[in-house]
There are 2 protein chains.
Amino acid sequence: MGEKYSLKYTKNDRNSNMSKKNTGASSIDSKKSSTLAIDRNTEKRILEAAKNVFYRKGLSGARMQEIADAAGINKAMLHYYYRTKDKLFDAVFLEAASKFFPNVIELFNVDLPFFGKIEYFVENYITLMLENHRLPSFVLNEIHQNPERLEGLLRNHAIVIPERAIFEFQKAMMDGVIKPVDPRQIVINMIALCIFPVAARPVIQILFSLNDEQYFEFIETRKKEVSKFIINSIKAV
Amino acid sequence: MGEKYSLKYTKNDRNSNMSKKNTGASSIDSKKSSTLAIDRNTEKRILEAAKNVFYRKGLSGARMQEIADAAGINKAMLHYYYRTKDKLFDAVFLEAASKFFPNVIELFNVDLPFFGKIEYFVENYITLMLENHRLPSFVLNEIHQNPERLEGLLRNHAIVIPERAIFEFQKAMMDGVIKPVDPRQIVINMIALCIFPVAARPVIQILFSLNDEQYFEFIETRKKEVSKFIINSIKAV
DNA sequence: ACTTTAACTAACCAATTGGTTAATATAAAA
DNA sequence: TTTTATATTAACCAATTGGTTAGTTAAAGT
């Protein structure tokens with residue numbers, strides 16, 4: 001019968017990949033290529049499809065049916081695995097936010113001189129954003145429409161952020177490597193310079209008449225320009 | 001009978017404020033304060049309400065009924081004046097985009113030395129964005145979801161943009177006032193530094209634990225910091 | 001006064017949408 | 001093999017939503 005998530009969701013309130021399910025997948029062989037070629041774990045396929053659709057349409061613009069179609073499964077399965085649209089969105093948003101808020105600790109923990117750290121961060125963060133250029137404006141906009149979702153993630157420690165970078169800047173100031181300014185401002189500047197050209201990609205392409213290739217080229221040279229821009233500005237005289 | 005917009009929209013395809021309508025308004029007096037205190041032009045009230053709702057919820061999240069309620073009028077009037085949700089959104093978006101894409105010509109035409117122009121631009125553009133902090137992320141996101149809308153505006157010359165600023169930067173380079181770099185990069189940097197802290201307002205407030213007052217204070221000092229940051233970076237040595 | 005046109009309303013409608021359910025297929029235990 | 005739990009489907013449903021319409025009020029013309 002259709003006991004469905006009654007068990008799943010009562011026991012483990014979130015969807016943590018269930019114990020056994022669709023287990024016959026590890027090997028690439030396939031007796032019956034039932035739906036589509038790639039016969040991966042259904043739950044993952046849903047999430048992947050949901051990401052796709054939510055990124056493009058946003059929470060309110062996305063349609064459950066479209067997600068189901070994109071995943072190549074029955075719409076009821078979405079509710080079977082994620083219960084409601086909002087819960088499914090939560091899962092998507094968590095992943096998006098984790099990517100969006102760079103693991104600054106990691107990106108700043110490299111063993112490099114201070115300015116090298118900045119170069120490393122800029123280069124990697126832009127690359128990361130570019131992997132899915134819809135992510136920044138998606139995250140920013142959804143947070144605007146419902147800030148509580150982000151607050152929730154912070155409360156659960158699903159996401160942490162700036163202290164480390166701020167501390168690094170403070171240290172660099174004391175060492176006389178950079179001019180003294182509110183480090184929060186520098187961190188924001190750094191992130192702004194990385195994110196904006198991705199968040200505003202269509203604008204940039206349209207205004208500067210760049211096709212996709214030209215855009216990528218533009219961003220590629222930008223990676224170096226941005227760190228130069230930052231370092232030029234903050235380095236102590 | 002309900003000929004309605006048949007005339008209006010066949011004659012002048014866009015909603016350009018109709019000839020005579022609700023004419024008894026110029027004077028503040030009011031014989032019958034029918035619905036609410038402010039008895040302004042209905043069409044304007046709709047647009048105002050629509051702006052409010054669309055900014056908060058986006059195109060797909062907004063509900064016609066909510067807009068009607070916000071305007072304090074019957075829902076049918078929305079269609080009477082603007083025909084469809086999408087057309088109404090067009091009107092809202094046009095206004096939003098015009099604000100978002102700063103009149104760079106104007107902001108750069110002030111009679112000031114080059115660095116003064118930058119200060120002037122930064123100060124004014126941040127102020128402008130701050131007036132409605134939902135605008136940047138709204139515009140950016142809607143463009144992402146439907147770039148054609150922006151292209152349409154450009155085609156109609158409803159919006160023009162960067163040439164002037166770019167030219168100014170080129171000139172400054174030739175005069176040896178600033179270092180030689182692709183001026184497009186500088187323009188983008190300038191705009192990024194202004195827009196991001198507004199587009200990411202909830203993020204900043206949450207991460208840095210700022211209440212509204214503290215946020216505004218932060219942005220206020222930022223106005224000066226940003227132009228310092230830019231000028232420090234680009235001025236010729 | 002009367003006729004025409006514009007502004008406005010309440011009720012309605014078809015389509016869409018998130019979500020449910022009863023039935024079925026499939027795999028795992030027993 | 002039988003039983004039991006899990007995975008999947010097609011059909012359905014109530015609520016919402018953009019949009020329409022027939023009719024009403026109010027203002028201009030005439």
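Please read all numbers here as calculations on a predicted model, not as lab measurements. Below, read A as the first sequence line, B as the second, and so on, with proteins coming before strands; counting in each chain starts at 1.
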For atom [atom1] of [X] and atom [atom2] of [N], their distance in whole Å:
X        : N       : atom1 : atom2 : answer
Met64(A) : dT16(D) : CE    : C1'   : 16 Å
Met77(A) : dT24(C) : CE    : P     : 18 Å
Ile73(A) : dT9(D)  : CD1   : P     : 7 Å
Arg45(A) : dA7(D)  : CZ    : P     : 15 Å
Lys85(A) : dT16(C) : NZ    : P     : 16 Å
Ile67(A) : dG19(C) : CD1   : P     : 11 Å
Lys75(A) : dA10(D) : NZ    : P     : 12 Å
Glu43(A) : dT6(D)  : CD    : P     : 14 Å

> Contact class for Ala68(A) vs. all strands (heavy atom < 4.0 Å): base, sugar-phosphate, or nothing?
Replying inline: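 It contacts nothing in the nucleic acid.
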> Ion pair present between Arg83(B) and Asp90(B), side-chain N to carboxylate O less than 4.0 angstrom?
Replying inline: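 Here Arg83(B) does not pair with Asp90(B) in a salt bridge, since their nearest N and O are not under 4.0 Å apart.
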> Is there a side-chain polar atom (N or O) of Thr42(A) under 4.0 Å from OP1 or OP2 of dA7(D)?
Replying inline: no
> Closest heavy-atom contact between Gln205(A) and Asn211(A)?
Replying inline: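 Distance-wise, the nearest heavy atoms are NE2-C, 3.5 Å.
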> Do you know which two heavy atoms are closest between Val187(B) and Ala165(B), and how far apart they sit?
Replying inline: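 Taking Val187(B) first and Ala165(B) second, the nearest heavy atoms are CG2-CB, 4.3 Å.
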Consider the side chain of [X], meaning its heavy atoms from C-beta on, and name the nucleotide among [options] that approaches it most closely.
X        : options                   : result
Tyr80(A) : dA7(D), dG19(D), dT21(C)  : dA7(D)
His79(B) : dT9(D), dT9(C), dG18(D)   : dG18(D)
Asn74(B) : dT20(C), dT20(D), dT9(C)  : dT9(C)
Arg63(A) : dA10(C), dG19(D), dG18(C) : dG18(C)

> Do you see a donor-acceptor pair shorter than 3.5 Å between the side chains of Gln185(B) and Arg222(A)?
Replying inline: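 Yes - a donor-acceptor pair under 3.5 Å links their side chains.
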> Taking the inter-plane angle between the rings of Phe54(B) and Phe89(B) on a 0 to 90° scale, is it parallel (under 30°), tilted (30 to 60°) or perpendicular (over 60°)?
Replying inline: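 Plane angle over 60°, so perpendicular.
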>> Return whichever of Ala76(A) or Ser60(A) has its heavy-atom-nearest nucleotide of DNA chain C closer to the 5' end.
In response: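 Counting from the 5' end, the first nearest nucleotide belongs to Ser60(A).
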